[in-house]
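Every chain is numbered from 1 and lettered A, B, ... according to where its sequence line falls, protein lines coming before strand lines. Predicted model, so just to flag it, every value in this text is computed and none were measured. Side chains are part of it too, since the values below use all heavy atoms of this structure and drop only hydrogens, waters and symmetry mates.
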4 protein chains.
Amino acid sequence: MESKKGRKGEESRKRLLKAAANEFSIRGFHDTKISEIVKKAGFTQPSFYLYFQSKEAIFEELITDFHSRVRKLTESLLLENGLHTEDVSKRVLSAVETVFQCLAEDKDVTRIGFFLNPEAKQMKKDLAMVLKENLEAEQRLGYFHSELDMETVAECLIGMIEHLTDSFLLTGIKDPASLAAEIVNLLIYGMLPKGSDVR
Amino acid sequence: MESKKGRKGEESRKRLLKAAANEFSIRGFHDTKISEIVKKAGFTQPSFYLYFQSKEAIFEELITDFHSRVRKLTESLLLENGLHTEDVSKRVLSAVETVFQCLAEDKDVTRIGFFLNPEAKQMKKDLAMVLKENLEAEQRLGYFHSELDMETVAECLIGMIEHLTDSFLLTGIKDPASLAAEIVNLLIYGMLPKGSDVR
Amino acid sequence: MESKKGRKGEESRKRLLKAAANEFSIRGFHDTKISEIVKKAGFTQPSFYLYFQSKEAIFEELITDFHSRVRKLTESLLLENGLHTEDVSKRVLSAVETVFQCLAEDKDVTRIGFFLNPEAKQMKKDLAMVLKENLEAEQRLGYFHSELDMETVAECLIGMIEHLTDSFLLTGIKDPASLAAEIVNLLIYGMLPKGSDVR
Amino acid sequence: MESKKGRKGEESRKRLLKAAANEFSIRGFHDTKISEIVKKAGFTQPSFYLYFQSKEAIFEELITDFHSRVRKLTESLLLENGLHTEDVSKRVLSAVETVFQCLAEDKDVTRIGFFLNPEAKQMKKDLAMVLKENLEAEQRLGYFHSELDMETVAECLIGMIEHLTDSFLLTGIKDPASLAAEIVNLLIYGMLPKGSDVR
DNA sequence: AATGAATGAGCATTCATTCAT
DNA sequence: CATGAATGAATGCTCATTCAT
């Protein structure tokens with residue numbers, strides 16, 4: 001079922017995946033009909049089953065795709081942890097921007113994997129943990145003040161990323177770079193005016 | 001159809017609403033079956049249609065409930081804008097806590113109205129606008145530094161609230177007060193250590 | 001699903017069972033379509049699922065019906081074993097006739113349970129064993145000659161019953177009494193002419 | 001379409017027939033899928049249609065094979081009718097054994113042609129008629145007692161053969177010779193003990 | 001001689017909804 | 001106020017079969 005050979009088959013498969021990603025991202029799992037996926041891809045219904053076992057299966061595959069993309073992201077974030085550029089804010093900025101770039105790669109798939117997928121919660125938790133570790137490393141080096149609970153910070157960061165992705169990134173209103181800048185600027189420097197006595 | 005009088009009828013209606021809220025919040029709109037709602041409420045299928053026109057209708061009603069709750073929230077936030085306690089952070093804290101309290105009132109309904117509902121986006125946008133206005137008022141009074149784009153701040157705030165609500169509030173892990181404290185502490189004072197030269 | 005109350009429901013269920021029995025017996029499991037069963041019973045498709053879980057389920061139920069009928073048969077055969085009328089051939093005749101009568105009770109169901117059902121083999125084996133025991137009891141009393149392997153005899157009997165049922169009983173060509181008479185006459189007295197020296 | 005020449009083609013055709021016979025005999029007509037036949041034979045689906053017009057066609061061909069085998073059988077039975085060995089029982093034995101031998105030749109094909117095939121009934125009828133004629137010939141010569149209805153006897157014989165074939169021959173539990181012996185012994189001499197006064 | 005790719009036609013099943021009581 | 005019984009409308013999936021190479 002998935003061991004077809006030729007170039008053409010591989011291409012048809014991709015066409016179906018793309019059509020499915022789009023339909024799922026617009027309509028959600030249940031309101032997406034195989035008949036629509038297949039029509040969008042220019043096939044008839046049975047062709048679908050030439051490449052995928054079921055509606056669930058293709059959904060799963062899209063999610064798995066997203067999963068592996070996120071895995072690569074977390075790995076790259078861990079690496080970044082090592083190299084220390086002169087400025088903390090630059091390092092954090094770079095990390096957040098990397099996240100947004102990853103989420104911008106394939107918008108339909110992101111919508112599915114990051115928002116529709118019921119297991120997305122775990123994925124976000126994982127991502128939060130990586131961010132937390134990076135932040136704690138910086139904290140130990142004295143770049144952030146020591147009382148901050150970095151787990152909370154990481155969760156807040158995830159929340160911001162999530163919301164801004166949904167509202168501005170996937171809608172095409174803003175790009176990864178500026179979203180990252182906004183978040184980091186806010187987070188790092190806080191909202192109080194320059195001279196105010198902090199605590 | 002929806003204006004039955006008797007005490008008993010009113011009670012049955014509420015039982016159905018409650019059961020529906022729970023089912024929807026667990027399973028989402030499409031995976032929720034009338035048959036399950038009705039079973040949970042201790043009725044048979046036709047009884048459902050004694051009180052609600054359709055599956056959509058009961059979902060809408062739950063959303064409307066949530067909507068009006070949120071409307072009250074925004075109104076109270078606007079009012080709070082007027083009274084100025086000694087400390088900015090206290091005022092912001094109070095506002096954010098109010099939001100969390102509102103979202104904690106009925107968890108099932110919040111899940112539906114804030115996360116499942118496709119129109120939730122608009123509601124969040126509205127909420128963001130109110131927060132933005134409050135923040136801008138404070139900013140004009142010099143409590144926050146002037147370059148901050150308060151729209152972005154408001155959106156970030158919404159993101160954090162959203163995520164923390166989903167992960168900690170609705171799961172019962174944390175309460176409104178502590179969640180509000182965490183967010184505000186982070187947002188207001190930023191992450192840099194006390195003595196660092198800000199900008 | 002199967003715990004409906006009213007008289008009417010019970011009646012509808014029976015109508016479906018009857019229609020299904022007929023369709024299955026004519027067309028076999030696979031060529032029988034729910035749509036036909038339902039049409040024959042005067043319903044629309046979904047009604048079917050009001051009473052039966054699936055096509056498999058209704059087939060199973062028919063088979064189970066047949067099974068319990070056969071079980072009663074074997075029990076009555078065991079009882080008959082006790083009462084000894086004057087004549088062996090009469091006793092055997094009565095047993096075989098009982099079998100045919102049982103198989104004639106509901107022809108459609110017999111066709112399904114005795115011929116279509118893949119588990120029919122086991123049922124026939126069981127039936128053969130009961131017959132064998134009865135025959136051996138008679139044999140021990142000296143009514144049959146002692147070298148006969150009663151297991152073989154029972155199997156042959158089953159074969160005859162099976163074939164005559166299929167060819168003459170279910171087609172309505174012959175009745176239980178005459179079929180039983182024919183078989184028993186042949187079996188008991190053999191084919192050789194009266195005076196020939198047996199072995 | 002069915003008249004390919006080459007050696008290899010002929011061989012492929014046979015491989016398909018064999019695979020089909022096996023699948024059909026195990027699963028029956030409807031539960032047998034072309035895809036399985038073809039996999040078993042080591043081909044891809046379209047190859048099937050290189051040799052057979054349809055699923056029905058290959059089934060028919062297998063049945064026809066069986067048919068011609070049975071035709072040869074009946075012819076040989078008619079011939080045997082002529083040669084009179086000293087003993088009736090030996091002649092009957094030989095006939096029945098010939099039948100079993102024929103049915104044992106290719107078990108898969110027998111299962112298909114003798115049990116699955118809806119036209120098997122007619123074939124059995126034909127076979128019964130031949131047997132009947134043979135038996136009547138013997139009867140006229142005084143070898144069997146004259147009141148016996150040889151049609152019934154023939155039908156009973158068919159029933160026994162059928163059942164024993166299904167239960168013992170095709171399962172490999174017993175061989176043609178012993179099966180024939182058991183049947184004939186029972187049929188010819190009957191079940192009553194030697195000395196009992198017959199009728 | 002054989003295959004990768006695609007399709008037409010059909011069927012079981014599900015679910016929201018209604019009718020008569 | 002409530003229910004037993006029934007249905008219209010979809011949709012996922014399977015399978016034999018064909019086309020182009």
Side-chain angles (χ1 to χ4, degrees), chain A residues 3-13 30-38 42-56, chain B residues 4-13 30-38 42-57, chain C residues 3-13 30-38 42-56, chain D residues 4-13 30-38 42-57:
Chain A
S3 57
K4 295 288 169 189
K5 306 286 161 50
R7 185 112 305 180
K8 202 176 174 196
E10 202 49 51
E11 210 228 272
S12 300
R13 197 167 195 284
H30 270 94
D31 282 346
T32 291
K33 303 169 205 159
I34 303 280
S35 63
E36 278 305 311
I37 294 176
V38 132
F43 291 107
T44 56
Q45 291 233 37
S47 298
F48 179 89
Y49 296 92
L50 218 53
Y51 299 105
F52 305 97
Q53 289 222 47
S54 66
K55 189 178 163 182
E56 272 79 16
Chain B
K4 297 285 171 192
K5 292 290 152 51
R7 184 111 308 179
K8 202 176 175 193
E10 200 49 48
E11 210 233 277
S12 300
R13 197 168 196 284
H30 274 96
D31 283 344
T32 291
K33 304 175 204 165
I34 300 284
S35 61
E36 279 304 311
I37 293 176
V38 135
F43 291 103
T44 57
Q45 299 227 37
S47 299
F48 178 89
Y49 295 90
L50 227 50
Y51 299 106
F52 305 96
Q53 289 219 46
S54 67
K55 188 180 168 183
E56 272 78 16
Chain C
S3 57
K4 296 287 169 188
K5 306 288 161 50
R7 186 112 305 178
K8 200 177 176 196
E10 203 49 52
E11 212 228 271
S12 300
R13 197 168 196 285
H30 270 93
D31 282 346
T32 290
K33 302 169 208 162
I34 302 282
S35 62
E36 278 305 312
I37 293 177
V38 133
F43 292 106
T44 55
Q45 292 235 36
S47 298
F48 179 89
Y49 295 91
L50 218 53
Y51 299 105
F52 305 97
Q53 288 220 48
S54 65
K55 190 178 163 181
E56 271 79 15
Chain D
K4 296 285 169 190
K5 294 290 155 50
R7 184 110 310 178
K8 201 176 175 193
E10 201 49 49
E11 209 233 276
S12 300
R13 199 168 194 285
H30 275 96
D31 284 343
T32 291
K33 305 176 204 163
I34 301 285
S35 61
E36 279 304 312
I37 294 177
V38 134
F43 292 104
T44 57
Q45 298 228 37
S47 299
F48 178 89
Y49 294 90
L50 226 51
Y51 299 105
F52 305 97
Q53 288 219 47
S54 66
K55 188 180 167 181
E56 272 78 16

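Looking at every heavy atom in both residues, A:Val38 comes nearest to A:Thr44 through CG1-C, 3.5 Å. The two atoms that bring A:Tyr51 and A:Ser12 nearest to each other are OH-CB, 3.6 Å, heavy atoms only. Residue A:His30 comes nearest to A:Lys55 through the heavy atom pair O-NZ, 3.5 Å, listed as atom of the first residue, atom of the second, then distance.
Note that the CD1 atom of A:Ile34 and the CD atom of A:Glu36 stand 11.0 Å from one another [nearest 0.5 Å]. One distance of note links OG of C:Ser47 with CD1 of C:Ile37; it measures 13.0 Å at 0.5 Å rounding. In this structure, NZ on B:Lys33 lies 8.0 Å from CG on B:Asp31, to the nearest 0.5 angstrom.
Separating the NZ atom of A:Lys8 from the C1' atom of E:dT3 is a distance of 13 Å, rounded to the nearest angstrom. Residue C:Ile37 contributes atom CD1, which lies 12 Å from atom C1' of E:dC11 at whole-angstrom precision. Atom CD of C:Glu36 is separated from atom P of E:dC11 by 9 Å (rounded to the nearest Å). Remark: P of F:dA16 and CG of D:Asp31 are 10 Å apart, rounded to the nearest angstrom. In this structure, the OH atom of C:Tyr51 is 19 Å from the C1' atom of E:dA12, given to the nearest Å. A straight line from CG of B:Leu50 to P of E:dT18 spans 13 Å, rounded to a whole angstrom.
Within the 4.0 Å cut-off from OP1 or OP2 of F:dA2, at least one side-chain nitrogen or oxygen of B:Ser12 is found.
Among the nucleotides E:dT3, E:dA1, E:dA5, the one closest to any side-chain atom of D:Ser47 is E:dT3. Side-chain atoms of C:Phe43 lie closest to F:dT7 of the nucleotides E:dT7, F:dA5, F:dT7.
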Between C:Glu10 and C:Arg13, is a side-chain contact (heavy atoms from CB on, under 4.5 Å) present by the stated rule, with each step listed? CA-CA 5 Å; C:Glu10 203 49 52; C:Arg13 197 168 196 285; 4.1 Å; yes

Here DNA chain F, pairs taken as Watson-Crick or G-U under 3.5 Å and shown with ( ), [ ] when crossing and | when to another strand, reads .||||||||||||||||||||

Might you list the N or O atoms of the protein lying below 3.5 Å from N or O atoms in nucleotides 11-15 of chain F, with each pair's distance?
unit_1 : atom_1 : unit_2  : atom_2 : d
F:dT11 : OP1    : A:Lys33 : NZ     : 3.0
F:dG12 : OP2    : A:Ile34 : N      : 3.4
F:dC13 : OP2    : A:Tyr49 : OH     : 2.7
F:dC13 : OP2    : A:Lys55 : N      : 3.2
F:dC13 : O5'    : A:Tyr49 : OH     : 3.3
F:dC15 : OP1    : D:Lys33 : NZ     : 3.3

